[in-house]
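What follows is a short report on a single structure.
Side chains included, hydrogens not; waters and symmetry mates left out as well; all remaining heavy atoms used. A, B, ... follow the sequence lines: proteins, then strands. Residue 1 opens every chain.
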Amino acid sequence: MHRWSQIFIPTLREAPADAEVTSHKLLLRAGYVRQLGAGLYSHLFLGNRAINKIVAIVREEMDTIGQEFHLPALNPREIWEASGRWAGMGDNMFRLKDRKGAELCLAMTHEEVMTSIARSELRSYKQLPQIWYQIQTKFRDEPRPKSGLLRVRQFLMKDAYSFDIDEAGLDESYAKHDRVYRRIFTRCGLNFLAVDADSGAMGGSASQEYMVYTDAGEDLIASSSSGYAANVEKATSKLAAVEDLAATGDGLPELIVTPGKGAIADICEFLSILPSQDIKCVAFMGTPAPPPVQGGTSGVIQAPPLRPVVAFLRGDHQVNENKLNAAAGTAELRPMAPDELELHIGGPAGYLGPVGISEVMTQGSLNGLNSGKSLDKLKGVSRENAAEGLKTIVVMDLGLEGRSNLVAGANKLDYHLRNVTPMRDFKPTMMADVRTVNEGEPDPIGGEPLRIGKAVEIGHIFKLGYKYSKSMGASVLNRDGKETTPIMGSYGIGVERILTAAIEQSASLFAARGQADMYALPPSIAPFQVVVTITNVREAQLLAAGETIAKDLSAAGFDVLLDDRDERAGVKFKDAELIGVPFRIAIGKKLAEGKIELLNRLTNQTDDIYAAEAVQHLRAALTGQQATIAD
RNA sequence: CGGGGCGUAGCGCAGUCUGGUAGCGCACCUGGUUCGGGACCAGGGGGUCGGAGGUUCGAAUCCUCUCGCCCCGACCA
């Protein structure tokens, strides 16, 4: 039992002006944290208590599948060179030198250290599988720390790594983590979603993120009631059928004069067609993605040429640059300049179309390009940014598949074409899903409308494959006595983000009830489960009753904070609310009838109960609140 | 790194344009009244105005440089 009169809980009536995000304001006002610098926070008593409760849950659940380690946060340069990430991490890694001048870094993650242990210790398939985890401080020199505890430069992460002999083993380790993660987040009282994540250009192995919907989040996710959930970077949807236009004339592409109708809205109005009957063109120059396996390169490499990447989509669709990057093998896209449009497509902005692009790269050439082979060049071109004359990568979105008689730019100022039918009138390098899903579209599995919203990522599980075990040379002997590279997975949970997400989630519920800037934490992670508020400590009976009840609750195993301060009741009620403790017992006037007041802040329900029955009532309220954990 | 904003008491702010030696609310300390929803009265403590340099008789205020923090974007295994 803790006495409020003797502990340090610096609550603030007003939030510092620097805090903008709800959870940030509340964490500061409630005295959970204080800021030391950009992306650096001190956890005070309450904050640390909440974090410790989260850590305890994570540990308890992780111990059911893995073994806890504790690795150094300070790492020598060598192991990061071995994996190729000393250079790859760039400015995001904190680097320093020791007194001898040896280079070190503060680890952003621990694939390297774990793999180095595996490399030197694991010898036989009989030792596999292994799941090793730790709960430890990570350092990342974020370009822009923000949103309180959401994006910081030093934070607690539970990171786990699995080593298996084969893919089937990895699948199992991955599934174990998925199961355990769901239990952890459920026990922490979060309303979360597991979503398909963009596994990036490398490898293409599976990856799943655990997200909590909140406006404070930085990711956009799409989900539906049928259980579909995906990061918008990757999400897709079913498309309702669109009625094609009837052919005109001989049914072949027909040039029409459309002066000043460069915008889709204008051309649609001009021709009385729907945007879905028009072909949109989005053109980029793309920086090639790095090759799949990185070496420990330290020399200067000549930058590979930019690639002309042109996407054609339905007029009412938006291009998704992540998907387009994946399709074109690029890492970054910038819009084409007018002379590049002319060069690679052959038309002016506003009148770009797929018909008549003379130099379309073939799928085969693109594959070759992505594996670092031959360049499929366009002859006789000289412009610095013209990608050394690379042929144009034309990507047709699947939303155009099977369509006919569409309207498209004619690659000629003030002209469009009608009767454009994909595959007959033009052939792209490839067809791919490169559009962004929209709110309300039917999801691809159950056809239920998609909800799109911001979310914060609280965990991520990832099938790493052989990237680290191979580059760092870990191997074991298999059943046949042959050297075999173990396959790895890595799995992370952001501990502070669980706290932040829980506050955001609760605050939005309170806001919906009309109570601004209020929240209550789930009992499992709240710094205290209950506050016993003695409304007036100068009344001996109230004080004595409060002491007794707090002692009884404490003896019964609850985390109790006794507010024995000599303050007015209003101040104490306000503070009890601010610190987000889910239950409050008020000892006041009704004690004359032997009664006290139990407030469940999660349900906003108040009950008068007999003082002598406080323990049983709180126990009942707590179990009623405890989320059921399904296995 | 590009764009924007802000640094004055623990927190929120005014004062800066037009230079004259710093103020308000909350918090804090003392005394009194009050006591179930951030009390009231009286008295009090606390600030080299982010830092450095310059202009001036005189700088929170003008000029130069610099540091820090926040927001948008870029970035974010």
Could you tell me whether the phosphate oxygens of B:G68, OP1 or OP2, come under 4.0 Å of any side-chain nitrogen or oxygen in A:Q35?
no
For nucleotides 31-39 of chain B, read 5' to 3', which letter fits each nucleotide if B means a protein heavy atom sits under 4.0 Å from the base, S means only the sugar-phosphate is that close, and - means neither?
---BBBBBB
Counting primed atoms, P, OP1 and OP2 as sugar-phosphate and everything else as base, the B/S/- map of nucleotides 3-9 of chain B against protein heavy atoms under 4.0 Å is -------
Rounded distance in Å between the [atom1] positions of [N] and [M]:
N     : M     : atom1 : answer
B:U64 : B:C28 : C1'   : 40 Å
B:G50 : B:G3  : P     : 24 Å
B:G5  : B:C63 : P     : 15 Å
B:G25 : B:C17 : C1'   : 25 Å
B:C13 : B:C49 : C1'   : 14 Å
B:A9  : B:G54 : C1'   : 28 Å
B:A39 : B:G2  : P     : 48 Å
B:C62 : B:G19 : C1'   : 8 Å

How many angstroms lie between CD1 in A:I9 and CG in A:L561, if you round to the nearest 0.5 Å?
5.0 Å
Tell me which donor-acceptor pairs under 3.5 Å the side chains of residues 530-538 of chain A have, and how far apart each pair is, sequence neighbours excluded?
unit_1	atom_1	unit_2	atom_2	d
A:T535	OG1	A:I587	O	2.8
A:N536	OD1	A:R538	N	2.9
A:R538	NE	A:D566	OD1	3.2
A:R538	NE	A:D566	OD2	3.2
A:R538	NH2	A:D566	OD2	2.6

Please determine whether the number of non-hydrogen atoms from other residues, nucleotides or ligands lying under 6.0 Å from atom CG of A:D215 exceeds 12.
no
Strictly by salt bridge (Lys or Arg N to Asp or Glu O under 4.0 Å), give each pair with a member in residues 577-593 of chain A just once, sequence neighbours left out.
A:E577-A:R584, A:R584-A:E597, A:K590-A:E597, A:K590-A:D608
Criterion side-chain contact (heavy atoms from CB on, under 4.5 Å) against A:M108, the qualifying member of A:M157, A:M89, A:K138:
A:M89
How far apart are the closest heavy atoms of [X] and [Y], and which atoms are they?
X      : Y      : answer
A:Y181 : A:Y491 : OH-C, 3.0 Å
A:N231 : A:A197 : CB-CA, 4.5 Å
A:S475 : A:P486 : CA-CD, 3.8 Å

Who is the Watson-Crick or G-U wobble partner of [N], with both distances under 3.5 Å?
N     : result
B:G23 : B:C13
B:C75 : none
B:G53 : B:C63
B:G31 : B:C41
B:C6  : B:G68

Less than 4.5 Å apart, any side-chain heavy atom of A:V456 and any of A:T500?
no
Measuring only between side-chain heavy atoms, which start at C-beta, is A:H110 closer than 4.5 Å to A:Y161?
yes
Would you indicate what A:A19 reaches in the nucleic acid, counting non-hydrogen atoms under 4.0 angstrom: base, sugar-phosphate, or nothing?
nothing
Contact class for A:G492 vs. all strands (heavy atom < 4.0 Å): base, sugar-phosphate, or nothing?
nothing
Are A:E332 and A:N325 linked by a side-chain donor-acceptor pair shorter than 3.5 Å?
no
After noting the C-alpha distance and the side-chain angles of A:Y210 and A:D178, does the key distance pass the side chain to side chain contact (heavy atoms under 4.5 Å, CB included) rule?
CA-CA 9 Å; A:Y210 297 83; A:D178 178 46; 2.4 Å; yes
For [X] and [N], what is the distance between atoms [atom1] and [atom2] respectively, to the nearest whole Å?
X      : N     : atom1 : atom2 : value
A:E332 : B:C1  : CD    : C1'   : 13 Å
A:I9   : B:A27 : CD1   : P     : 18 Å
A:F8   : B:A27 : CZ    : C1'   : 13 Å
A:E218 : B:C76 : CD    : P     : 12 Å
A:E20  : B:C70 : CD    : C1'   : 8 Å
A:E457 : B:C76 : CD    : P     : 13 Å

Tell me, which of residues 140-162 of chain A have any heavy atom that sits under 4.0 Å from an atom in RNA chain B?
A:R140, A:P143, A:R144, A:P145, A:K146, A:S147, A:R151, A:M157
Nucleotide nearest A:P16 when distance is taken to its side chain, options B:C70, B:C11, B:A77:
B:C11
side-chain hydrogen bond (donor to acceptor under 3.5 Å, both in side chains) pairs, two or more places apart, involving residues 5-16 of chain A:
A:S5-A:D564, A:T11-A:D575
